[in-house]
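See below for the structure under consideration.
Atoms within a ligand are numbered from 1 in the order they appear, just like the ligands themselves. All residue numbers in this chain count up from 1 along the given sequence. From a predicted model like this one, the values you see are computed outputs, not experimental measurements.
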Amino acid sequence: MSYLIAVSGKGGVGKTTLAGLLVTRLIARGCAPVLAVDADPNMCLDDVLGVEVSKTIGAVREEAREIASKGLAVGVSKQELLEYKIAESLVEAKDFDLIAMGRSEGAGCYCYANNVLKNAIGEMSDAYPYLVLDNEAGLENLSRRIVQKVDLMIMIADPSSRGLKTVTRLHEMTKEMNIEYSKLAVVVNRLRRDTMPDKIEEVKKTTGADFVIGLPDCDELADLAEKGNSITGVSSDNKIVAIIDNLLEQAGLPGNKPI
Ligand SMILES: Nc1ncnc2c1ncn2[C@@H]1O[C@H](COP(=O)(O)OP(=O)(O)OP(=O)(O)O)[C@@H](O)[C@H]1O
Ligand SMILES: [Mg+2]
């Protein structure tokens with residue numbers, strides 16, 4: 001079974017950036033190959049990781065629906081054909097692969113397609129020791145159980161009082177939606193000073209977070225994004241890199257210590 005890290009949070013708080021950094025740092029720790037899963041229909045993780053998606057799982061799902069309604073040539077099972085198509089949608093890079101979930105289903109019955117997808121993605125992801133899942137602003141992908149149980153759930157927010165409230169709300173949602181995880185990390189992103197916001201103690205208490213970390217507002221990340229450069233180019237002496245390495249270490253992830 002792979003170790004699954006899921007990044008959640010409201011829109012624009014830094015989920016994709018953090019997911020990209022996690023992939024990069026897992027690789028640096030010797031945890032390759034990593035499977036990066038872009039579960040946001042607006043797809044940005046490929047950009048952040050410097051690769052390009054040509055086909056999404058959403059497109060495969062549509063094809064699966066068509067296939068389900070048609071007869072096939074003798075000898076080719078529908079399952080096999082879909083597994084092949086899912087494999088086709090995998091983007092392969094040096095130390096990681098990426099799949100993008102694409103848009104969710106439209107009207108009509110997707111039970112067959114979703115079941116096949118779930119099985120095929122489950123089997124495929126078993127081949128990777130580490131999975132990093134970048135979510136859209138909700139938790140729907142996790143509740144749909146496209147993926148296994150989460151090992152490290154990350155809830156990321158900006159330092160504002162309203163931002164921190166969204167973490168409490170996300171935590172409530174995981175309970176309502178029966179989303180299970182082993183450990184919870186609350187990440188306060190884009191801190192403008194060295195101290196954490198006062199409300200963080202309350203958030204820690206309500207959510208029962210195992211880890212609470214702060215990431216500074218960082219010029220290098222902003223520049224990489226502005227220039228459209230991949231996050232894999234982040235310098236190893238960036239403060240954020242050390243903080244993420246420390247989180248991975250505290251979460252008990254095996255692997256070589258970063259250089
Ligand atoms: N610590 C940081 N310092 C500076 N800029 C940051 C930091 N974290 C994120 N950003 C920038 O904030 C913007 C939004 O980040 P990102 O796309 O990762 O958010 P998101 O939560 O994935 O958004 P969405 O909900 O739209 O998917 C990006 O331009 C990114 O470069
Ligand atoms: Mg995003």
Side-chain angles (χ1 to χ4, degrees), residues 5-26 34-53 56-58 91 96 98-104 131-142 146-147 150 152-160 162-167 169-171 173 185-197 200 211-248:
I5 305 179
V7 185
S8 59
K10 80 172 170 93
V13 288
K15 298 180 293 296
T16 306
T17 306
L18 180 57
L21 285 165
L22 284 164
V23 171
T24 312
R25 295 320 297 165
L26 280 169
V34 179
L35 178 64
V37 182
D38 190 347
D40 186 340
N42 291 320
M43 294 198 319
C44 289
L45 190 57
D46 56 343
D47 244 10
V48 164
L49 288 170
V51 293
E52 203 181 327
V53 169
T56 68
I57 293 294
V91 182
F96 70 90
L98 176 116
I99 47 166
M101 303 307 287
R103 65 184 187 85
S104 52
L131 259 63
V132 175
L133 180 79
D134 176 25
N135 280 285
E136 56 185 326
L139 291 169
E140 275 66 28
N141 285 294
L142 293 170
I146 276 286
V147 288
V150 178
L152 178 61
M153 170 70 89
I154 299 186
M155 294 180 182
I156 176 167
D158 65 61
S160 72
R162 258 185 296 147
L164 292 178
K165 267 192 197 144
T166 63
V167 172
R169 179 70 198 124
L170 272 175
H171 173 255
M173 276 164 71
V186 172
V187 176
V188 185
N189 193 22
R190 308 197 76 160
L191 287 170
R192 285 178 301 117
R193 46 185 89 82
D194 278 342
T195 50
M196 287 286 248
I200 196 67
F211 315 105
V212 174
I213 63 166
L215 301 179
D217 196 32
C218 162
D219 284 345
E220 190 188 0
L221 290 188
D223 284 346
L224 287 172
E226 201 174 309
K227 294 189 179 115
N229 290 340
S230 147
I231 213 143
T232 51
V234 69
S235 52
S236 54
D237 59 359
N238 187 309
K239 212 170 156 188
I240 288 187
V241 164
I243 300 172
I244 291 175
D245 284 349
N246 192 35
L247 171 67
L248 295 175

For the Mg ion (ligand 2), check which protein N, O or S atoms are under 2.8 Å away and list them.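 Atoms qualifying: T16 OG1.
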
Can you report which non-hydrogen protein atom sits closest to [atom], along with the distance?
{"atom": "atom 30 (C) of ligand 1", "value": "T17 OG1, 3.6 Å"}
{"atom": "atom 20 (P) of ligand 1", "value": "K15 N, 3.5 Å"}
{"atom": "atom 4 (C) of ligand 1", "value": "C218 O, 3.2 Å"}
{"atom": "atom 29 (O) of ligand 1", "value": "A225 CB, 3.8 Å"}
{"atom": "atom 22 (O) of ligand 1", "value": "T16 OG1, 2.7 Å"}
{"atom": "atom 13 (C) of ligand 1", "value": "R190 NH1, 4.1 Å"}

Close-contact set for ligand 1 against P216 heavy atoms, below 4.0 Å: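 Under 4.0 Å from P216, ligand 1 has these atoms: 1 (N), 2 (C), 3 (N).
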
List every atom of ligand 1 that sits less than 4.0 Å from any heavy atom of D40, numbering the atoms from 1 in the order shown and giving each element.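 What qualifies from ligand 1 is 27 (O).
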
Within the 4.5 Å heavy-atom criterion, are [X] and [Y] side-chain neighbours or not?
{"X": "C218", "Y": "K239", "value": "no"}
{"X": "L221", "Y": "L21", "value": "yes"}
{"X": "V234", "Y": "V241", "value": "yes"}
{"X": "L248", "Y": "L22", "value": "yes"}
{"X": "D46", "Y": "V91", "value": "no"}
{"X": "T56", "Y": "P41", "value": "no"}

Where does [X] meet ligand 1, judged by heavy-atom distances below 4.0 Å: at the side chain, the backbone, both, or neither?
{"X": "D219", "result": "neither"}
{"X": "D217", "result": "both"}
{"X": "N189", "result": "side chain"}

Considering distance alone, does some N or O of G11 sit under 3.5 Å from an N or O of ligand 1?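 No; every N/O pair is 3.5 Å or more apart.
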
Non-hydrogen atoms of L215 and L18 that approach each other most closely: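 So the two residues come closest at CD1-CD1, 4.2 Å.
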
Mind listing the closest non-hydrogen atom pair of G14 and N189 along with its distance? CA-ND2, 3.8 Å

Within the distance-only criterion (no hydrogens, no angle test), does the side chain of [X] pair as donor or acceptor with the backbone N or O of [Y] below 3.5 angstrom?
{"X": "E220", "Y": "S235", "value": "yes"}
{"X": "D245", "Y": "R25", "value": "no"}
{"X": "S8", "Y": "I154", "value": "yes"}

For atom 24 (P) of ligand 1, tell me which residue out of G14, G12, S8 has the closest non-hydrogen atom.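 Heavy atom nearest to atom 24 (P) of ligand 1 belongs to G12.
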
Do the side chains of D217 and R192 get close enough for a salt bridge, i.e. N-O under 4.0 angstrom? no

Closer than 4.0 angstrom: is that true for some heavy atom of L215 and an atom of ligand 1?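 Per 4.0 Å heavy-atom rule, L215 does not contact ligand 1.
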
Would you indicate whether D194, at its atom CG, is surrounded by more than 12 heavy atoms from other residues, nucleotides or ligands within a distance under 6.0 Å?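 For D194, atom CG is not crowded (no more than 12 foreign heavy atoms under 6.0 Å).
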
